[in-house]
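What follows is a single structure, written as structure tokens, with notes after it.
Order of the sequence lines sets the chain letters (A, B, ...), proteins ahead of strands, with each chain counted from 1.
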Amino acid sequence: MLDPQLLRNDLQATADQLLIKGYALNVEKYSELEKRRKTLQVATEELQAERNSRSKNIGKVKSQGGDVDALLAEVAQFGDKLKAAQRELDEVQSELNELIEAIPNVPHASVPKGTSEDDNEEVSRWGEPSTLEFEAKDHVDLGEAIGGLDFAVATKITASRFVVMKGGLARMHRALTQFMLDTHGQDHGYQEVYVPYMANRHSLFGTGQLPKFAEDQFKTSLAADDPNQKEEQDQHGLYMIPTAEVTITNIVRDVILEQGELPLKMVAHTPCFRREAGSYGRDTRGMIRQHQFEKVELVQVVPAGDSYDALEQLTGHAEKILQLLNLPYRKVTLCGGDLGFAAAKTYDLEVWLPGQNTYREISSCSNFEAFQARRMLARVRNDKNKTDLVHTINGSGLAVGRTLVAVIENYQNGDGSITIPEVLRGYMGGLTLIE
RNA sequence: GGAGAGGUGGCAGAGCGGCUGAAUGCACUGGUCUUGAAAACCAGCAAGGGUGAAUAGCCCUUCGUGGGUUCAAAUCCCACCCUCUCCGCCA
């Protein structure tokens with residue numbers, strides 16, 4: 001959520017910046033609503049003040065044994081007037097809130113202009129895409145041949161976009177998770193946390209998934225199939241997390257931190273659940289886009305001034321995993337048009353996939369500045385004993401399913417076997433090959 | 001699942017229609033005292049929002065959440081959420 005003060009004082013400039021993100025803010029509508037809000041709020045609060053002082057006076061007179069009939073008659077009409085004013089204010093305020101809550105974050109000055117992923121800016125490359133002496137297969141062919149990936153049985157059990165892993169690949173998937181958690185926990189200074197895989201609507205609102213992206217989430221229903229309970233369900237149903245960002249970041253929701261507690265650096269491994277509602281035709285083959293996948297997530301909570309350093313640092317931590325696995329990748333800065341709703345700046349890490357002969361996203365590291373903090377009321381006490389909003393940064397370190405795909409495709413051998421990366425062998429009882 | 005108790009400021013804990021944004025204690029901050037520290041004493045100490053140039057002043061809101069009664073609600077009524085205790089069940 002943007003600072004309402006910013007919208008009031010710098011509306012046009014903010015609208016211009018949002019254009020970089022491809023978001024057209026309705027300036028007229030906003031100003032009009034804001035004007036009404038101001039008038040109504042001032043008027044309503046004046047009425048409240050008036051009512052309060054009169055009511056207090058009645059109490060005073062009464063306690064002194066005076067006659068309050070006249071005073072009561074005088075104040076009698078206030079109730080209705082106040083209620084009407086309040087109702088009108090509520091209407092305008094909720095309309096205004098709806099508008100503000102739907103406005104995306106403003107991109108940072110360093111974000112390149114552009115409308116699609118074609119305009120993303122490459123920052124760096126690491127490693128050389130391998131030149132195989134045979135024709136590269138993709139992970140589906142390799143995995144199915146080994147008997148380690150079974151999409152058909154997953155579809156039978158559940159639905160499309162799920163997978164069953166078996167044997168060495170299932171084990172390597174687990175090894176990757178352990179390796180990532182250990183590296184971030186021991187070498188990069190993150191506190192390992194275990195978090196719920198379901199979250200309430202307040203948490204999803206806090207990190208920005210709600211209300212705008214409800215159709216991307218899986219939601220549970222608590223009450224029975226009773227139409228009378230519909231509203232109940234909407235209020236209290238829980239969401240399967242689309243990313244651990246939701247549950248980790250919301251640890252600091254409604255919290256005032258002390259300066260000494262920052263920076264907070266946390267890492268968690270969780271499954272993630274996504275409806276993928278908007279991508280019916282895309283990546284239907286293989287493990288690239290699933291309804292359920294594992295991810296190791298990094299989150300930092302820092303003072304406002306430190307967040308861009310933290311973004312660089314956190315991105316470096318994710319890169320380190322790719323480097324240790326010896327997987328070629330490139331780092332890109334997302335352009336304005338490709339930037340997510342809540343992010344001010346995002347680096348994507350794209351790993352080389354020989355089977356697709358291209359780089360594919362495997363990590364996304366973003367600085368949200370105060371956008372999430374404002375929604376969550378996550379604050380830190382400053383030197384003047386006042387509260388400042390914190391900044392939040394997060395990134396995948398890494399998406400485990402896609403990392404498995406990358407390992408399968410980059411470590412494939414001519415006979416269809418997969419060499420196990422050295423750093424994983426300790427997690428796999430010393431095995432060197434899956435065949 | 002059954003029975004009961006309860007949700008008040010950073011914590012503990014009073015208040016059960018008006019002068020209560022909220023007693024008291026602890027914690028914290030500043031001061032006096034002291035060579036220094038402790039103790040003692042004095043003072044301060046919630047958040048969100050509006051107005052505003054203002055981190056000034058004034059005003060509004062908030063005692064789990066939402067609604068209701070009332071001129072007036074932390075206090076009364078209703079619904080929901082959450083926590084705890086006992087019994088049952090259970091990885």
Counting Watson-Crick and G-U wobble pairs only, both distances under 3.5 Å, name the nucleotide matched with B:rG7, or none. B:rC81
Which part of the nucleic acid, if any, lies within reach of A:Arg374 when heavy atoms closer than 4.0 Å are counted: base, sugar-phosphate only, or nothing? nothing
Is the phosphate of B:rG50, meaning OP1 or OP2, less than 4.0 Å from a side-chain N or O of A:Arg8? yes
Rounded to whole angstrom units, what separation is found between the CD atom of A:Gln48 and the C1' atom of B:rU51? 14 Å
Suppose you measure atom C1' in B:rG68 against the same atom in B:rU75; what distance do you get, rounded to whole Å? 15 Å
Report yes or no: is the cationic atom of A:Arg402 (NZ for Lys, CZ for Arg) closer than 6.0 Å to the six-membered ring centre of A:Phe293, at no more than 45° off its axis? no
Determine the sole option in A:His317, A:His184, A:Lys265 for which the side chain to side chain donor-acceptor pair (under 3.5 Å) test with A:Tyr190 is passed. A:His317
Side-chain contact test, heavy atoms from C-beta onward, threshold under 4.5 Å: evaluate it for A:Leu257 versus A:Arg379 and give yes or no. no
Taking the side chain of A:Glu45 as its heavy atoms from C-beta onward, which of B:rA72, B:rG50, B:rU51 lies nearest to it? B:rG50
Nearest-Å distance once atom P is located in both B:rU8 and B:rA23: 16 Å
Length of the CG-P vector between A:Asn200 and B:rU65, whole Å: 15 Å
For the P atoms, the ones on B:rC78 and on B:rC26, what distance do you get once it is rounded to whole angstrom? 39 Å
So what does A:Thr44 touch, heavy atoms closer than 4.0 Å: a base, only the sugar-phosphate, or nothing? nothing
Tell me which of A:Lys38 and A:Arg379 sits closer to the 5' end of RNA chain B, going by the nucleotide each one is nearest to. A:Arg379
Taking the six-membered ring for Trp, are the ring centroids of A:Tyr308 and A:His108 within less than 6.0 Å of each other? yes
Over how many whole Å does the gap from A:Lys56 atom NZ to B:rG17 atom P extend? 19 Å
Strictly by Watson-Crick or wobble contacts shorter than 3.5 Å, is anything paired with B:rC76, and which nucleotide is it? B:rG68
Under 3.5 Å, is there a donor on one side chain and an acceptor on the other for A:Gln372 and A:Thr392? yes
Rounded to the Å, how far apart are A:Ile58 CD1 and B:rA73 C1'? 15 Å
Round to a whole Å and report the spacing from CD of A:Gln41 to C1' of B:rG49. 7 Å
For B:rG48, does OP1 or OP2 lie under 4.0 Å from any side-chain N or O of A:Thr387? yes
Among B:rC71, B:rA47, B:rU61, the nucleotide that comes nearest once only the side chain of A:Ser55 is considered: B:rC71
Between B:rU85 and B:rU69, how many Å separate the two P atoms, rounded to a whole number? 38 Å
Base, sugar-phosphate, or nothing: which does A:Lys83 touch, judged by heavy atoms less than 4.0 Å apart? sugar-phosphate
Polar contact flag, side-chain donor to acceptor under 3.5 angstrom, A:Ser110-A:Lys345: yes
Distance between the C1' atoms of B:rG66 and B:rG15, in whole angstroms? 24 Å
Return the 5'-most residue of the pair A:Arg37, A:Lys60 with respect to RNA chain B, ranking by each residue's nearest nucleotide. A:Lys60
Checking B:rC71, B:rC60, B:rU51 against the side chain of A:Asn52 (C-beta onward), the nearest is B:rC60
Whole angstrom is fine here: how far is it from CD in A:Gln86 over to P in B:rG66? 13 Å
Give a yes-or-no answer on whether the side chains of A:His173 and A:Glu294 include a donor-acceptor pair shorter than 3.5 Å. no
How close or far is atom P of B:rG49 from atom CE of A:Met1, stated in whole angstroms? 8 Å
With both distances kept under 3.5 Å, what pairs with B:rG1, Watson-Crick or G-U wobble? B:rC87
Strictly by Watson-Crick or wobble contacts shorter than 3.5 Å, is anything paired with B:rA22, and which nucleotide is it? none
Expressed in whole Å, how much space separates the P atoms belonging to B:rG13 and B:rG6? 14 Å
B:rG30 - base-pair partner by Watson-Crick or wobble geometry, distances under 3.5 Å: B:rC42
Pairing partner (Watson-Crick or G-U wobble, both distances under 3.5 angstrom) of B:rC58: B:rG50
From CG of A:Asp388 across to C1' of B:rU55 the rounded distance in Å is 10 Å
Determine the interatomic distance between C1' on B:rC84 and the same-named atom on B:rU34; round to the nearest Å. 48 Å
Candidate nucleotides B:rA72, B:rA47, B:rG50, ranked by approach to the side chain of A:Arg51 - the nearest: B:rA72
Can you check the distance between B:rC76 and B:rA14, where both ends of the measurement are the P atom (answer in whole Å)? 16 Å
